[in-house]
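Just so you know, ligand 1 is whichever comes first in the structure, and atom 1 is the first atom listed for that ligand. Quick caveat: nothing in here was measured; it's all calculated off a predicted structure. Values below: all heavy atoms of this structure, side chains included; hydrogens, waters and symmetry mates excluded.
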Amino acid sequence: MLGRYSRLPNLIQLLKQVQFCTMSLPSILVTSSATPTSGIDLLRTKCNVTIMPNIVNTREELLQALPGYDAVFLAGKNKVNSEFLDVAGPNLKVVSTMSAGYDHLDVPEIKRRGIKVGNTPMVLSAAVAEITVLLMLSAAKRAHEGRTLLEKDQVQTGPQWLLGLEIRGSTVGIFGLGNIGQTIVKRLKGFEVERFIYTGHSRKKAGDELGATFVSFDDLLEQSDFLVVAAPLTNETRGIFNDSAFDKMKKTAVFVNIARGQIVNTDSLVRALRNKKIFAAGLDVTDPEPLPADHELLKLPNAEIIPHLGSATVRTRNDMSTIAAQNILNALEGKPLVYSL
Ligand code: DGY
């Protein structure tokens with residue numbers, strides 16, 4: 001009989017340990033209830049998780065919720081600057097954004113304060129490359145224009161009506177041959193592209209392996225039949241596609257942006273499309289974002305526009321959520337982040 005209870009002191013000890021661990025679990029703020037559960041479930045194995053109601057929280061609401069957490073999981077493009085960090089307070093050890101892009105983060109300031117910071121690149125490259133192909137094709141084939149005419153009952157017949165362009169035989173230019181740019185080139189391999197060219201800071205081994213030629217920015221503008229923007233938004237790239245850039249492009253060029261809207265001067269793009277300086281544009285990203293429903297770009301027949309859907313697939317968003325969570329756990333356990341900035 002006694003034997004049955006002889007393990008009791010051990011059990012009590014264990015319960016005390018569990019209680020201690022629960023009390024001292026790190027606290028995580030997740031900024032949206034729309035965050036895929038893959039990441040949340042992972043965090044819950046080792047942390048206390050607080051989830052904000054949804055992604056349209058105002059800045060004020062976010063700042064109100066922020067103080068005292070060990071980590072913040074950013075499910076949207078919430079700006080992380082000195083104000084954010086001051087409000088978060090000295091407990092904050094890691095900021096993890098569920099995105100590849102990090103132009104909403106003041107990375108130097110976050111790091112200066114000894115806070116770790118991570119993002120989720122690579123896992124979204126396939127999804128974004130697919131969206132790129134979609135935009136290249138739909139802009140080149142005038143899909144939006146055709147659909148609009150169909151809705152207006154203005155479809156004509158005849159062999160010269162609504163002719164588009166082909167990727168076959170074209171020169172495809174990539175502005176920024178990072179992981180996404182490289183994945184785009186790989187996806188396009190079956191399209192009989194004549195030549196891949198790219199520009200960036202320097203020639204890349206990956207470019208050589210893909211058979212892509214490193215060129216200057218001006219050469220990229222002048223030679224591309226399809227020009228795809230796949231570079232991050234930085235002080236260097238902000239507004240680089242302006243009037244002067246569009247003036248150098250071919251009149252038959254298709255311009256595609258899957259990176260960040262602010263890399264392009266929107267007024268210049270509107271002028272280029274309206275005055276037929278280029279053939280068409282395919283845009284997953286815009287400035288502003290989202291575009292107001294009455295925006296000039298939305299009135300142009302040669303602009304194919306979707307509302308920043310690059311990584312919006314179930315598989316990719318689950319992967320992004322898991323990696324963003326793993327970045328937090330690693331940081332809190334003193335391990336290297338999966339992807340750190
Ligand atoms: C990112 O993760 O930066 C992408 O823009 C999301 O689509």
Under 3.5 Å, is there a donor on one side chain and an acceptor on the other for T316 and S311?
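There is no such pair between these side chains.
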Between [X] (side chain only) and [Y] (backbone N and O only), is there a donor and an acceptor less than 3.5 Å apart?
X: D287; Y: T266; result: no
X: K204; Y: S202; result: no
X: K116; Y: K93; result: no

Going through the distances and angles, do F279 and F226 end up as a ring pair (Phe, Tyr, Trp, His ring centres under 6.0 Å)?
CA-CA 10 Å; F279 183 77; F226 289 83; 9.2 Å; no
Set of residues satisfying ring-ring contact (aromatic ring centres under 6.0 Å, His included) with respect to F73, sequence neighbours excluded
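Listed in chain order: nothing, the list is empty.
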So which protein residues pack against ligand 1 under 4.0 Å, heavy atoms counted?
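Ligand 1 pocket, heavy atoms under 4.0 Å: S99, A100, G101, L124, R260, H308, S311, M320.
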